[in-house]
2 protein chains.
Amino acid sequence: MELQPREIGVLTTLIEDYIQTAAPVGSRTIAKKSNLNLSPASIRNIMADLTEKGYLEQPHTSAGRIPSAQGFRFYVDTLLKYHPLSPEQRNQLTENMGDSRLDVSELLRNASRLLSAYTRQVSMVLAPKASNIGFKHIDFILLKPGLAMSILVVEGGIVRNKIVSVEPELGTDDLVTYSNYLNQLFQGRTLDQVRAKLLQEMDAVQREYQAISQQALVLAQQVFNGGGEREVYVEGTVNFFTHPEFANPAKIQELLRMLEERTCLLELLDKVSKPEGISIIFGREDDQEGLQEFTLISSPYLGQDDPLGVVGVIGPIRMDYAKVVPLVEFTAQVISQLLRNRF
Amino acid sequence: MELQPREIGVLTTLIEDYIQTAAPVGSRTIAKKSNLNLSPASIRNIMADLTEKGYLEQPHTSAGRIPSAQGFRFYVDTLLKYHPLSPEQRNQLTENMGDSRLDVSELLRNASRLLSAYTRQVSMVLAPKASNIGFKHIDFILLKPGLAMSILVVEGGIVRNKIVSVEPELGTDDLVTYSNYLNQLFQGRTLDQVRAKLLQEMDAVQREYQAISQQALVLAQQVFNGGGEREVYVEGTVNFFTHPEFANPAKIQELLRMLEERTCLLELLDKVSKPEGISIIFGREDDQEGLQEFTLISSPYLGQDDPLGVVGVIGPIRMDYAKVVPLVEFTAQVISQLLRNRF
DNA sequence: GACTAGCACTCTCTCGCATCGAGTGCTAAA
DNA sequence: TTTAGCACTCGATGCGAGAGAGTGCTAGTC
């Protein structure tokens, strides 16, 4: 079942032409574009073989061939040569990404926008998962009697706010006392560990009737329960319209719905959130709902060492992988680096 | 140029039918649907008059009529009877909006989602303008030597974070001193006043060489300069596809581009950010780019008394105003109320 | 004088049909 | 093994006839 050099040659030219034109490719075109010096008739024989082996498909008898999912898979896995980014591109991207003083959410949104602009595809960035990041600081600010704003800062400068209700008679000073207590208690733990510690401590305190710590812990509980909803920044949905495969609005609609509902998207992104680097998923292969005819190219970004979130691009299977893949990869790198600067 | 009762009758039935069907309406349909008891022929005469006066348009000679922008304007200004929301709807909407403990940005995004779900249109919420809201609290948290996270809380529990660089030798205690100083200095002012005070104070301090306050002010400056970018939460873009007028993808594309680029959208929303309550803008009238065939229905939401931001819905001119307008209005009310609870 | 029935006319939409052309698959010759 | 040639397939395009919805006008009716 190994492919012969000539078959590989034909497959490569065909895929690359198809990526450019989005139309079925005929034998004549390949005969001209490839440097195999074969006549269309010979090419036709090879194409027939490739079709039989499952690398090509034929929309109808009298049309050219288009690559199958298997064909694309083979292409990206073994044939594809990436265009490395030029130093100017790298610099430009790094600079535009920004001002490292930005809020993390703004930074990620920025990254998503840039990626979408450079690739001319729809891009997405999954925000960090907070559970295994280190706790840094907690703070309470009295908004009005009985109501306070809690501010949780974790490593990397990621901030989460939540309104909490407090005993009406509490003043600013009490809140400072509480936060001091909690900061000391949680120092040096990850958020997961903080949650565990919290439970354990509440148990202990309940037995000992320490009013101050008890109240503080109740506040902390309000902050730490729930949470965990991860933001996804999706940008460039307009780009769906620039691809000829979306002449059919129903397809865009399906995909847009998926992007908006988030749950399905979150699952998908979570799946690729492993430290293995770039990942390319074809909708047709994985049978993901809503991702029928599309490809998701994604790469995780790292905090210290383990993956925090994912950056990716979604587009038609027919995509300029040679260009897009390095862009996704580099964007992930830049994000990692910018975040690392803050630890 | 006043319209006669019969003309109004015809116009109303025609518009309401058009809102349902999205197709040109003929005389026969109106004869049946209106309760005027006139024959199609008479209706035709009236329609001819209405066309002459500019309330109706005729796509081509042998088609029915569709309402012109002027026709719609007249309809929404004088004929439209809103369907008030049922108490159940109100309760449901209020409950789903939330948990008032949410972060403001989450609250607004929620509101946008709900509005889009209820109206089946594309919805948007413009985040509060921070300049004339009261300063509440500022805080600095050391991330690592030389780098701190600043946290600015303003009235209503709106929080803004920004990374600031600090002198490398500063410790946590120094930052506490600074924030105490600044909190005292800015207490009771609006953000605009804070900015003014900041400039004034820097001037004074420079002359007096007070090291502590000088450093604190430099930090504050990092926090307060720039900023001011207002978020817009757009939800439900999928809904564009459910309207027959968008069979033409080019139209959706144009509009999506506007929604994504934000600048144009921000301008537009800023325009309607006055305390006058509900506002209905027809794209055709105002000649807004990208808003050619659409209507923007919007209503500001209030903080204490003055408008903070805007909530709105964008859709085809042919929209179920009777249902959508009250929904937009009520959503704005709920947001106002939820925010007010926090002051 | 207001309303309506009737009729000719207009214009779009939808078919069915023929044609075109890109591309294939097969065969036979180089 | 390669290639030239040829019949064949099938979608795309274009054209014309016919249907259908709707109008505008005229003449007749209450």
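Each chain gets a letter, A, B and so on, in the order the sequences are listed, and its residues count up from 1. Keep in mind it's a predicted model, so treat the numbers as computed, not measured.
Distances shorter than 4.0 Å separate none of the side-chain N or O atoms of S62(A) from OP1 or OP2 on dT9(D). Side-chain N/O atoms of T61(A) include one lying less than 4.0 angstrom from OP1 or OP2 on dC10(D). In terms of phosphate contacts, R65(B) brings a side-chain nitrogen or oxygen within less than 4.0 Å of OP1 or OP2 of dG24(D). R6(A) has no side-chain polar atom (N or O) that falls below the 4.0 Å cut-off from OP1 or OP2 of dT1(D).
R65(A) and T51(A) share a side-chain donor-acceptor pair at under 3.5 Å.
No N or O donor and acceptor, one from the side chain of R28(A) and one from the base of dG21(C), sit under 3.5 Å apart.
Rounding to whole angstrom units, CD of residue Q4(B) and P of dC3(C) are separated by 10 Å. In this structure, N37(B) places its CG atom 12 Å from P of dC3(C), rounding to the nearest Å. At whole-Å resolution of the value, CZ in R44(A) and P in dT2(D) are 14 Å apart.
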Worksheet entry | Check against salt bridge (charged side-chain N to carboxylate O under 4.0 Å, His left out), E260(A) and R113(B) | CA-CA 10 Å; E260(A) 249 180 32; R113(B) 289 212 177 116; over 6 Å; no
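The listed nucleotides are dT24(C), dT4(C), dT23(D); the one nearest the side chain of N45(B) is dT4(C). Considering only side-chain atoms of A41(B), the nucleotide from dA4(D), dT4(C), dT24(C) that sits closest is dT4(C). Here the side chain of H60(B) is nearest to one of dA4(D), dT24(C), dT12(C), namely dT12(C).
Base engagement by S42(A) is indicated by at least one non-hydrogen atom pair under 4.0 Å involving a base atom.
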